[in-house]
Trainee: 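Handing you a structure now.
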Amino acid sequence: MLPARGQRGRKVGINGIPSIRAFGVRTSWTTVGDGEFFCSDCGGDRNYRRRTGRRRFTVFGVPVLPRGLTGPVVECTACHAHFGTDALDHPTTARFSAMLRDAVHTVALAVLAAGGTESRTVRETAVAAVRGAGITDCTEDQLTTMIEALAADTGRFVTDTGPCGAALAIELHEALEPLAPHLAPAGRESILLQGARIALADGPYSPSEREVLATVGSALQLCADDTARLLATARTPSP
């Protein structure tokens, strides 16, 4: 007969009373911080405790000798699973959504800065991309106003070396590089293709639009060949 639930793996002594191991190691945990993180075991955002531990050698369950420190670990308060502190590098669902919105918004602004905002089709395509990323109240006026403000702010989106100068490259890398490791290849390609569709809304890529999109691909950790292939695919009308 199988032991009752909760008793499997435990040594049973006389009359079914669980026996105590003569020797062992016990860890006493101390909470040193807390917050919210993405728990991979739960599959969602959960609260966590950051904990450190002291290990002690036990005799018949009584701690007698210190065995050093352990941790720190991240403990999920829901499932109580322990993770390394690198689990905190994974963004929460809310943070990931915000990063994705910011990435698409930055790409749209960069492409508009490179190709101009004169075309209504381009503006509509950019608004659709930004709204699809979660900024549902985005309008054409908001985007054009931001482009004008950025153009007036020397040293940002428009520089002496062109619309994709060092300042613009920094803007794109700051928005895209933290997000890229958390996206599947298809997700990274999707962001690049959204920028490509904005650029193509009024015709073939201009040199400045190509430069911006190459920077987007690099920031998304796509190799140059993959970026070129995707931009060519975006140019090809769907059958």
Side-chain angles (χ1 to χ4, degrees), residues 38 40 43-45 86-87 89-117 119 121-138 140 142-143 146-147 150 157 162-239:
F38 180 86
S40 57
D45 296 347
D86 57 351
D89 295 336
H90 193 294
T92 63
T93 303
R95 175 60 182 154
F96 178 80
S97 297
M99 292 168 68
L100 185 59
R101 289 194 299 269
D102 183 58
V104 174
H105 188 251
T106 303
V107 170
L109 288 176
V111 174
L112 289 174
T117 59
S119 169
T121 304
V122 168
R123 297 195 305 270
E124 290 176 344
T125 305
V127 168
V130 174
R131 287 180 176 176
I135 306 178
T136 56
D137 59 351
C138 178
E140 293 181 32
Q142 289 177 352
L143 292 180
M146 291 190 70
I147 293 297
L150 291 168
F157 271 65
C164 195
L168 175 54
I170 290 172
E171 295 279 350
L172 288 169
H173 280 277
E174 286 181 347
L176 300 176
E177 282 186 344
L179 176 66
H182 306 293
L183 288 173
R188 286 180 274 135
E189 293 176 359
S190 175
I191 293 177
L192 175 64
L193 288 173
Q194 289 183 69
R197 295 186 188 104
I198 296 171
L200 292 171
D202 62 347
Y205 302 115
S206 68
S208 57
E209 288 171 338
R210 280 190 173 277
E211 188 178 356
V212 164
L213 292 169
T215 302
V216 171
S218 174
L220 288 170
Q221 300 178 6
L222 296 171
C223 69
D225 289 344
D226 284 343
T227 297
R229 172 182 57 81
L230 290 165
L231 295 184
T233 301
R235 290 180 56 186
T236 304
S238 300

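For the single chain, residues carry numbers from 1 onward in sequence order.
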Trainee: Can you sort out the partners of Ala129 under side chain to side chain contact (heavy atoms under 4.5 Å, CB included), two or more places apart, ordered by chain and number?
Mentor: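 With sequence neighbours excluded, Ala129 shows a side chain to side chain contact (heavy atoms under 4.5 Å, CB included) to Val104, Gln194, Ile198, given in chain and number order.
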Trainee: Taking only residues two or more places apart in sequence or in another chain, which ones pass side chain to side chain donor-acceptor pair (under 3.5 Å) with Glu177?
Mentor: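 Only His173 meet the side chain to side chain donor-acceptor pair (under 3.5 Å) criterion with Glu177.
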Trainee: Which residue, Val107, Leu192, Thr215, Thr106, forms the side chain to side chain contact (heavy atoms under 4.5 Å, CB included) with Leu176?
Mentor: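 It is Val107, the one option of Val107, Leu192, Thr215, Thr106 that forms the side chain to side chain contact (heavy atoms under 4.5 Å, CB included) with Leu176.
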Trainee: Return the CG to CG distance between Leu220 and Leu183, rounded to the nearest 0.5 Å.
Mentor: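 Leu220 atom CG to Leu183 atom CG measures 7.5 Å (nearest 0.5 Å).
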Trainee: Does the side chain of Asp45 come under 3.5 Å of the side chain of Thr93 through a donor N or O and an acceptor N or O?
Mentor: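 Judged by distance alone, the side chains do pair up.
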Trainee: With a 6.0 Å cut-off (strictly less than), is the heavy-atom count around CZ of Arg101, excluding the residue itself, greater than 12?
Mentor: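 Result for CZ/Arg101: enclosed.
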Trainee: Of all residues at least two apart in sequence or in a different chain, which pass the side chain to side chain donor-acceptor pair (under 3.5 Å) check with Arg123?
Mentor: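 Checked Arg123 against side chain to side chain donor-acceptor pair (under 3.5 Å); matches are Glu140.
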Trainee: May I ask you to test the Ile135-Arg131 pair for a side-chain heavy-atom distance under 4.5 Å?
Mentor: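 Ile135 vs Arg131: side chains apart.
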Trainee: Decide side chain to side chain contact (heavy atoms under 4.5 Å, CB included) for Asp89 and Asp86; before the verdict, give the C-alpha distance in whole Å, the side-chain angles of both, and the deciding distance to 0.1 Å.
Mentor: CA-CA 5 Å; Asp89 295 336; Asp86 57 351; 3.8 Å; yes
Trainee: Which residues pass the side chain to side chain donor-acceptor pair (under 3.5 Å) test with Ser119, sequence neighbours left out?
Mentor: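 By the side chain to side chain donor-acceptor pair (under 3.5 Å) rule, Ser119 matches no residue at all.
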Trainee: Can you sort out the partners of Asp226 under salt bridge (charged side-chain N to carboxylate O under 4.0 Å, His left out), two or more places apart, ordered by chain and number?
Mentor: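 Asp226 satisfies salt bridge (charged side-chain N to carboxylate O under 4.0 Å, His left out) with Arg229 only.
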Trainee: Tell me every residue that passes side chain to side chain donor-acceptor pair (under 3.5 Å) with Gln142, counting only those two or more places apart in sequence or in another chain.
Mentor: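 Partners of Gln142 under the side chain to side chain donor-acceptor pair (under 3.5 Å) test: none.
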